Colleague: 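Submitted below is the structure of interest, expressed as structure tokens.
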Amino acid sequence: QVQLVESGGGSVQAGGSLRLSCARSGYTYNNYCMAWFRQAPGKEREGVAAVYSGGTGTYSDSVKGRFTIAQDKAKNMVYLQMNSLKPEDTAMYYCAAMALPFLLKDCTAGNGARAYKYWGQGTQVTVSS
């Protein structure tokens, strides 16, 4: 059974940084598509960043240049480094993974939440002004 567990959320002031971690277990395949989503109260879940096991990340326009998605295949970890945080980044952040098979072209930050089968429980990020 695939499990995703996020950690690293917290409260920071605007301009600060946080690094979120996602530990993946029970996923025995070398190919994967992992993503970070976020959801603020009253808003839809939004894709922030995505990465394919063999490639680099893609980002939503709202975080491009500030956030970086990274992976450690040996540790089955995916990270989201968030710099220059803004109050509008405040949200619950979720780690997600696609089920196999998937198309590489679908592994993007712009793909919707319904494309992802596996989800973590979320970690809260709060940015104060």
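The shown structure was predicted, so the numbers you read here are calculated from the model rather than taken from an experiment.
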Colleague: Quick test of your reading: applying salt bridge (charged side-chain N to carboxylate O under 4.0 Å, His left out), list the pairs with at least one residue in residues 51-71, sequence neighbours left out, ordered by first then second residue.
Modeller: D61-K64, R66-D89

Colleague: Going by distance alone, is a donor N or O of one side chain under 3.5 Å from an acceptor N or O of the other, for S25 and Q1?
Modeller: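 Absent: no donor and acceptor within the cut-off.
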
Colleague: Which pairs of donor and acceptor atoms, one on a side chain in residues 10-24, lie under 3.5 Å apart (sequence neighbours left out)?
Modeller:
| residue | atom | partner | partner atom | Å |
| --- | --- | --- | --- | --- |
| S17 | OG | N83 | OD1 | 2.9 |
| R24 | NH2 | N76 | OD1 | 3.3 |

Colleague: Would you mind listing the cluster partners of Y79? Hydrophobic ones only (ILVMFWY), side-chain contacts under 4.5 Å, chaining allowed.
Modeller: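 Once heavy-atom contacts under 4.5 Å are chained together, Y79 belongs with M77.
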
Colleague: Centroid separation under 6.0 Å, is that true for the rings of F67 and W36?
Modeller: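 They do not qualify: ring centres at least 6.0 Å apart.
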
Colleague: Filter on disulfide bond (SG atoms under 2.5 Å apart), then keep only pairs touching residues 30-84, sequence neighbours left out; what's left?
Modeller: C33-C107

Colleague: For residues W119 and L100: do they belong to one hydrophobic cluster (side chain heavy atoms under 4.5 Å, members Ile, Leu, Val, Met, Phe, Trp, Tyr)?
Modeller: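 Linked, W119 and L100 end up in one cluster.
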
Colleague: Okay, side chain of T68, backbone of Q81: is any donor-acceptor separation there less than 3.5 Å?
Modeller: no

Colleague: Taking only residues two or more places apart in sequence or in another chain, which ones pass side chain to side chain contact (heavy atoms under 4.5 Å, CB included) with Q39?
Modeller: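 Counting only residues at least two positions away or on another chain, Q39 forms a side chain to side chain contact (heavy atoms under 4.5 Å, CB included) with R45, Y94.
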
Colleague: Is a side-chain donor or acceptor of E6 paired with a backbone partner of T123 at a separation under 3.5 angstrom?
Modeller: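 Answer holds: no.
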
Colleague: Could you tell me whether D72 atom CG has more than 12 heavy atoms of other residues or ligands within 6.0 Å of it?
Modeller: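 Check passes, neighbour count above 12.
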
Colleague: Could you measure the distance from the OH atom of Y52 to the CZ atom of F102? Nearest 0.5 Å is fine.
Modeller: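 Atom-to-atom, Y52:OH and F102:CZ are 5.5 Å apart.
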
Colleague: So, T90 side chain and T126 main chain: donor-acceptor pair closer than 3.5 Å or not?
Modeller: no

Colleague: Show which side-chain atoms of residues 110-118 pair as donor or acceptor with protein atoms under 3.5 Å away, not counting sequence neighbours.
Modeller:
| residue | atom | partner | partner atom | Å |
| --- | --- | --- | --- | --- |
| N111 | ND2 | D106 | O | 2.7 |

